[in-house]
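Please read the structure below before turning to the comments.
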Amino acid sequence: MAWTLGPTLNFTQTEFAFDAFSIQTATALPTHVLQLTPTQLQGEILEFTAAGETQSMPVPIPRLAGLDELEVEQVSFDLSSATFEDEKTVTAQNVSSNGLSVAYSPDVTGAPVSLMRIEIEDLMLPASASKTYIVAGNGANGSVSRVVYRFDSSNNRVIAEVSGSTSGGEYVHFLVRPSTNGAFGPPMAAAPHFDMPGQGGAMYGPALGGAALSVFNNGGKIKAVFILSPPITVAGFKLIIGVSAENNSSAHGGLPNEVGGISWSASSVTAKYDVRPKGISITASVPNAADEPIVSRFDTDPGNTPLNVDFAPVARSLLKSSYPSSSGSDLGLQLNFSCDSPGKLRVNLAAAAVRYLRRPLAGDTEQRSIKGAIESVNFPIPENLKPAGLSFTIDGAYGPARLVLAADNTLEHPRHGFHVANSTRLARRMSLTNVERRLPLARVALFGRASEEGELLVSLHNGDEIRIGSPIGEPVSIPLSPASQSSWHRAGFPADKMLPPHPDAVWVVAQVTRGVFWWHADMDDPNATQRSNDGGASWTMVPAKPMLQLAVVEVDDQGNPRPLQPLSLTWADGVLNTDIVGVTGQAQQLPPQFRRYWVAQENAHQSFLNRVSELGGLLKFGFHCRRDVELSLSNVVLVYNPWQAGET
C-alpha cells in the first residue's frame, strides 16, 4: 500500500553564491585565519587639578554571553598632553623703567611650564606735554589697532584710539626677559617685533618675533594682551615696556638693543601659563580583579604629538581571567591615569580588534563516514548573535566505493512511499553503465524507516524491463530498528561476490522477514517499479520510483580510488559549496587524502553570516559525495565582533 509522511526538512538544489570563498590547501592550520576590521573607539580629555590625582577612562567592550573565550588582538590609545591653564597675578603700580618681575612656581617642582600670554589691565603710560606714546595692536578679535597716550592743549591726559596720522608719537614695545637661575636674560620676544635693518633685513626675518599684542579699549581703560606664539618655556620673567632710541616713529622701527624702558602702571598684570603633566602612571583594571597591572609610565610631558600606547597584552591578561565570571552588558575594562602634577591629558582610544570565539565541537574533532548520503554535523551556537566569521578544517580520505550513475541523489527526499511487510515485495530496476558492469558491486542502500524491530532482506535479480529474473548471488540482510526519522539502510556485498560482469540493469527486490519497512518513493516518477502482494508469485507494475542506491568499487591500477568526485557542503538554505575539495577538472592530480580550510568572513559572505544569527541556536552542516569519504572536522571556530554581533 502507498502512504504519505508529514512535512520534513527539504534541501533545495539552489546554488549558494560565494564569490570569494577562501578554500585553501596547506599542511598546517594558519594562525588567526579570521581577521576582524578594527573598531574605532572614542577618546576624551582628562583634567588633573591636584598633584597625585587619578582619573579613569572606560574602554567600552560589550560583553557577549554564551561564548567560549575572548581574544584581544589589538587595543591601544594615543596619548598627548593638552593645555592646562594656571596663572600668576601681580599688582603693577608705578613700575619703573627696569620693568615688572613676575615669579611663578608650579605646584610640583619640575612640572613643564610655558608662558602663553600676559594680560595687562588698565594700562597707563607716562605721557606728558612733550611725550606722546603709541601702543600698536594687531586689531584682531575685536581689538583696536592703535591707542595713543598724550596731553591735549589744555594739559589734560588723553587716551584715545587713533586711525589717522600719529606724527610726533613714539611707538612702545613690550619685551619679555626670562628668569634663569635667579637672573634675567636677554629678551626672548617683543611686540611689536623689530624689523631687521638694511637692504637684506627681510632675509633674516623680524628680531624678537613670535609674539603679538592685542589692545582693547573699554571706555577709556586699556587692556593689553601680550600673546606668545608658540609659548616659551619659562616660569619667572620680567616685563619691560620701552621705546627705541632710533626710528621709534614706526611700530617696527629700531632694534632691541636700542630700547630704553619707561615707567608705567596697571591695575594688575596676570601671566597665563600652560602647565603640562609630570610623572604619568597608567594602569588597567577590570571589576573584581586582584591586580591592576601597569600599562605604561611617562616621567615627563608626552607632548602635543600623540604617542601610541599598546596595552593589548595587559588587556588580554585581565579579560582572559575575568570574562568567564563577568556579568552585565560591558566587560568593565578601564584605564587609570594618575599624575604627579596638575595638567591635562588627551586620550584617544585607537582602533580595537577584539573578538569572541565559539568552538562548537564538544571534542577536538567530529568524524563522519559518507556513504552516498548527507552526513550532518550540528554546531550549537549562541542565539541572536551575528558572527563575523566561521572557519573549520576538513581532513578526508576518499574510499574505493562510489554510487552508480543511476543511484538516487540524497539531497532531496520524497515524503511518501510504500509499505513493505508480510508477503509484500517491492522491486525496482536500476541500470548500470558499461563501465559499472565491469566493476564489483560494493553495497545496496534503501531510504526509509522501520516502525518496529525487524529484518529487511534485499536481493538482486536478472531480468528485462518487464520480468524479474533469476537471483544474482545471495540476498543480504539489513536489521531494522524503530525510528521516527527516515534514513538510508545499507548492506554490503561480500568481497568475493557480486563480481563482474553484470547485466546492463538489475532488479533490486526488497522484502521483510519480520517487522515493517516504509520505503520512500517518488510517486510521480513512472520508473520501472513492481510490487507483489503474494510473496513474489505475481508482480504488478506501479508508477513510482523507490529511493535506491547501488555502489561499485572503482580504483586505478595502483589501487587508489579513481576518479575522485566533488564533496559538497549544505546547510539550512541549500548548497554552500558544490566542490570543497576542488576535484573538478583536476581529479587525476589530487591524491585520495586531502586537507581543506573552509572560511567565511564578513563583507564577502555577509548574507550567510547574517542568517546564522536567525537559526535558533543550531547551525547544521551537511556533507555529501557520490564516492565514499572518511571525513574529520576540526578547529571549528565562530568569531564574533563585540560591537556588531548584536546588530540585526
Side-chain angles (χ1 to χ4, degrees), residues 92 94-102 115 117-118 120 123-140 143-152 157-180 183-215 217 222 224-229 232 234 237-266 269:
N94 301 316
V95 179
S96 72
S97 59
N98 288 328
L100 176 71
S101 298
V102 176
L115 178 63
R117 64 188 183 275
I118 305 169
I120 308 167
L123 174 64
M124 184 62 65
L125 298 182
S128 66
S130 60
K131 281 287 185 181
T132 297
Y133 292 116
I134 306 168
V135 179
N138 56 18
S143 65
V144 299
S145 297
R146 284 179 295 181
V147 171
V148 173
Y149 291 78
R150 62 182 174 83
F151 274 66
D152 62 13
R157 186 190 300 272
V158 176
I159 304 174
E161 298 177 34
V162 177
S163 58
S165 174
T166 57
S167 60
E170 299 180 57
Y171 281 88
V172 299
H173 295 269
F174 294 70
L175 299 92
V176 170
R177 296 180 61 189
S179 174
T180 305
F184 294 106
M188 292 188 66
H193 63 258
F194 300 89
D195 287 337
M196 293 292 288
Q199 186 175 358
M203 183 185 302
Y204 296 94
L208 297 185
L213 192 68
S214 294
V215 181
N217 183 2
I222 304 303
V225 181
F226 185 92
I227 304 167
L228 293 144
S229 180
I232 59 175
V234 62
F237 64 92
K238 178 176 283 189
L239 175 64
I240 296 174
I241 300 177
V243 178
S244 175
E246 304 289 338
N247 300 320
N248 55 30
S249 60
S250 170
H252 301 290
L255 289 174
N257 62 302
E258 299 170 345
V259 173
I262 62 174
S263 61
W264 54 278
S265 291
V269 172

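We're numbering straight along the sequence, starting at 1.
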So CE of Met124 and CD1 of Ile159: to nearest 0.5 Å the spacing works out to 4.0 Å

d(Leu239 CG, Ile118 CD1) to nearest 0.5 Å is 5.0 Å

In this structure, CZ of Arg146 is separated from OH of Tyr171 (nearest 0.5 Å) by 4.5 Å

Only one of Leu123, Ile134, Ile262 passes side-chain contact (heavy atoms from CB on, under 4.5 Å) with Val172, and that residue is Ile262

> Can you say whether the rings of Phe226 and Phe174 are parallel (under 30°), tilted (30 to 60°) or perpendicular (over 60°)?
Replying inline: tilted

Shortest non-hydrogen pair, Glu170 vs Lys131, comes out as OE2-NZ, 2.7 Å

Taken to the nearest 0.5 Å, the spacing of Asp195 CG from Leu255 CG works out to 9.5 Å

| Within a strict 4.5 Å, meaning less than it, do heavy atoms of the Phe194 and Asn247 side chains meet? | no

- Query: Would Val135 and Ile222 count as a side-chain contact (heavy atoms from CB on, under 4.5 Å) if you check the C-alpha gap in whole Å, the side-chain angles of each, and the deciding distance to 0.1 Å?
  - Reply: CA-CA 10 Å; Val135 179; Ile222 304 303; 5.9 Å; no

Heavy-atom nearest pair, Ala190 first then Ala211, reads O-CB, 3.7 Å

Item checked: Val148 side chain reached by Thr132 side chain, heavy atoms, under 4.5 Å -> yes

Interatomic distance, CE@Met196 vs NE2@His252, rounded to 0.5 Å, equals 15.0 Å

When rounded to the nearest 0.5 Å, the distance separating CG of Leu208 from CE of Met188 is 9.5 Å

All heavy atoms of Ala251 vs all of Pro192, minimum pair found to be O-CB, 3.4 Å

Between Ser179 and Val234 the two heavy atoms that sit nearest each other are N-CG2, 4.0 Å

Between Arg157 and Leu125, the two heavy atoms sitting closest are NH1-O, 2.9 Å

task = Could you tell me whether the side chain of Ser101 and the main chain of Lys238 form a donor-acceptor pair under 3.5 Å?
result = no

Residues His193 and Pro206: closest non-hydrogen pair is CD2-CB, 3.1 Å

